[in-house]
2 protein chains.
Amino acid sequence: MVRKLDESLIAPLPPFRRLERTQIREILDQATSRRHDEGSEVFRSGEEADRFFLLLDGVVRVVRILPGGDQVILRHIPPGQLIGIASALGRSTYPASALAASEALTLAWPTRLWAGFVQRYEGFATETWATVGRRLDQLHDDMAAMATQAVEQRVAACVLRMVNQTGRPVEGGIEIAFPITRSNIAEMTGTTLHTVSRLLSAWEKDGVVESRRKHIVVTAPHRLVLLSGASGG
Amino acid sequence: MVRKLDESLIAPLPPFRRLERTQIREILDQATSRRHDEGSEVFRSGEEADRFFLLLDGVVRVVRILPGGDQVILRHIPPGQLIGIASALGRSTYPASALAASEALTLAWPTRLWAGFVQRYEGFATETWATVGRRLDQLHDDMAAMATQAVEQRVAACVLRMVNQTGRPVEGGIEIAFPITRSNIAEMTGTTLHTVSRLLSAWEKDGVVESRRKHIVVTAPHRLVLLSGASGG
DNA sequence: CTCCGAGTTTGTCGCCGCGCAACGTCCCGG
DNA sequence: CCGGGACGTTGCGCGGCGACAAACTCGGAG
């Protein structure tokens with residue numbers, strides 16, 4: 001637990017954007033901070049949802065494990081967002097697991113503080129619901145894509161989204177800012193690692209992406225957009 | 001617009017469950033009621049979200065139309081639920097269209113009343129967020145199913161869900177309580193009407209369902225459960 | 001340096017399910 | 001009673017993508 005956190009770290013983030021400095025101070029003083037190794041669990045599906053988190057740094061993967069045993073990656077969360085707010089939506093237990101996709105830093109609060117936050121800090125609630133709204137929206141998009149798009153388009157869209165959310169400029173293109181395997185992409189797009197591997201190879205041959213082990217650099221984003229959207233080449 | 005609505009109609013519904021009679025009266029007096037013919041629009045994707053609705057009777061289909069032109073059915077809403085609450089989640093326009101799958105009856109309120117409802121009626125907010133939570137949850141399930149399940153399993157699960165949500169007992173089984181075509185099921189499960197037709201035919205031959213034009217009766221629910229879940233026959 | 005395992009690539013094969021097309025059937029309106 | 005249109009069924013062929021298999025490469029531990 002870090003004792004004195006700097007307000008400026010979180011003041012510009014959506015949930016706190018509209019709050020006063022003293023209010024942010026109050027909120028911060030009730031938080032505990034935690035470091036998560038790459039691959040470790042922030043929380044686990046089915047556990048009692050006794051805490052909610054703010055992701056300060058790193059990327060968190062939200063995963064659901066099916067009765068059948070295979071897992072599905074529901075989304076990646078970039079820094080600055082709240083996670084584990086299931087309890088706010090009336091669930092007593094986490095509906096999915098959250099894994100640190102890279103080394104991650106979080107703040108955590110006990111769930112019982114949630115109601116107070118919402119009640120006391122006007123903007124907090126609004127911004128949070130807006131975030132939930134965006135997630136719902138994106139989920140709908142994903143569903144629609146899953147239902148109608150071909151595999152190549154889905155994978156292209158998936159890579160693009162991760163670049164948009166977490167991409168950092170690098171020589172020759174934009175890189176996805178956390179370690180990601182073909183398997184991971186397969187679990188996001190509902191296909192197999194084999195197919196993803198083939199697609200990336202083909203794209204690399206066409207000069208759209210470059211990929212090293214666990215790293216992907218997009219060199220021609222506009223080409224990827226074409227691949228994801230209007231099916232024409 | 002119907003002038004005097006009976007509180008008992010809506011008092012037991014989730015959003016109003018915890019409210020007092022007088023409060024419900026207040027809320028009702030601000031509502032306008034509307035009848036929707038089968039197939040007509042309750043609201044349209046992209047329109048300004050200036051109203052939210054409570055579905056009193058009938059079933060509403062939530063549809064998203066993709067840039068490509070084809071449409072996807074995101075969910076069916078059974079009576080008693082709120083719809084069009086996009087504005088509450090920070091969206092200024094409806095993210096999807098809502099069509100009456102059968103003749104439907106709704107209450108409508110102007111969006112500007114939302115904030116007041118949430119603030120004034122304690123339980124209203126809680127119950128609403130719980131509903132949103134359930135929708136998110138189900139969406140996650142759907143995603144996961146889409147990503148991992150075979151077509152037959154998805155279609156079986158889809159039929160089952162509609163039976164659970166809106167099924168009514170009928171001689172020889174349980175019937176889905178609103179008109180539904182093969183195309184509709186195809187648009188829900190991300191396949192084609194041809195495949196759905198074949199599946200239903202096969203199931204009918206096996207005595208699991210009976211289907212008339214636009215109507216489906218499930219005669220052996222447990223068999224359908226098998227088809228949807230543990231792939232073993 | 002060497003070993004080992006995780007991650008990746010590539011090939012082959014087979015099947016599911018989509019596209020297309022034609023026909024059958026029911027319902028509704030004139 | 002008849003016609004037309006929407007809905008449903010069925011057959012056929014092809015192709016994408018998943019299953020299986022085997023080899024390669026990288027990186028870290030000892």
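Numbered from 1 within each chain, the chains take letters A, B, ... in sequence-line order.
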Exercise. Can you give one letter per nucleotide of nucleotides 23-30 of chain D, 5' to 3': B if a protein heavy atom sits under 4.0 Å from the base, S if only from the sugar-phosphate, - if neither?
Worked result: --BB----
To the nearest Å, how far apart are [X] [atom1] and [N] [atom2]?
{"X": "B:E187", "N": "D:dC7", "atom1": "CD", "atom2": "P", "result": "11 Å"}
{"X": "A:R154", "N": "D:dC17", "atom1": "CZ", "atom2": "P", "result": "8 Å"}
{"X": "A:L193", "N": "D:dC17", "atom1": "CG", "atom2": "P", "result": "15 Å"}
{"X": "B:E210", "N": "D:dT9", "atom1": "CD", "atom2": "P", "result": "13 Å"}
{"X": "B:E38", "N": "D:dA6", "atom1": "CD", "atom2": "P", "result": "15 Å"}
{"X": "A:L199", "N": "D:dC17", "atom1": "CG", "atom2": "P", "result": "8 Å"}
{"X": "B:N184", "N": "D:dC7", "atom1": "CG", "atom2": "C1'", "result": "11 Å"}
{"X": "A:M146", "N": "D:dC17", "atom1": "CE", "atom2": "P", "result": "13 Å"}

Problem set entry | chain B contact limits on DNA chain C, taken 5' to 3' with a cut-off of 4.0 angstrom to heavy atoms | C:dG17 to C:dC27
Exercise. Side-chain donor-acceptor pair under 3.5 Å between A:S211 and A:R182, yes or no?
Worked result: yes
Exercise. Between A:R135 and A:Q81, do the side chains contain an N or O donor and an N or O acceptor separated by less than 3.5 Å?
Worked result: yes
Exercise. Do A:R198 side-chain and D:dG16 base share a donor-acceptor contact under 3.5 Å?
Worked result: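 A donor-acceptor contact between them is absent.
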Donor-acceptor contact below 3.5 Å, side chain [X] vs main chain [Y]:
{"X": "A:T191", "Y": "A:A186", "value": "no"}
{"X": "B:R154", "Y": "B:A145", "value": "no"}
{"X": "A:T93", "Y": "A:E48", "value": "no"}
{"X": "A:T219", "Y": "A:V208", "value": "yes"}

Problem set entry | A:R161/A:D141 ion pair, N-O < 4.0 Å | no
Exercise. Going through the checks in order, is the side-chain contact (heavy atoms from CB on, under 4.5 Å) test met by B:W203 and B:V155?
Worked result: CA-CA 11 Å; B:W203 293 346; B:V155 175; 3.7 Å; yes
Exercise. Pick the nucleotide of DNA chain D nearest each of B:L200 and A:E152; which residue has the one closer to the 5' end?
Worked result: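 Nearest-nucleotide comparison on DNA chain D picks B:L200.
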For this session: Answer yes or no: is there a side-chain heavy-atom contact under 4.5 Å between B:I216 and B:I185?
Result: yes
For this session: To the nearest 0.5 angstrom, please state how far the CZ atom of A:R198 sits from the CG atom of A:L200.
Result: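 Result: 12.0 Å between the selected atoms.
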Problem set entry | Straight-line distance of B:M162 CE to B:F178 CZ, nearest 0.5 Å | 5.5 Å
For this session: Give a yes/no answer on whether the side chain of B:S201 brings an N or O atom under 4.0 Å of OP1 or OP2 in D:dT10.
Result: yes
For this session: Would you work out how much the helix from C:dC1-D:dG30 to C:dG30-D:dC1 bends between its ends, with each end axis defined by five base pairs, to 10 degrees?
Result: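 Rounded value for the end-axis angle: 40°.
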Exercise. How is A:S197 classified with respect to the nucleic acid when contacts are heavy atoms under 4.0 Å: base, sugar-phosphate, or nothing?
Worked result: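 Base contact - A:S197 has a heavy atom under 4.0 Å of at least one base atom.
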For this session: Name the orientation class of the two ring planes belonging to A:Y94 and A:F43 (parallel below 30°, tilted from 30 to 60°, perpendicular beyond 60°).
Result: parallel
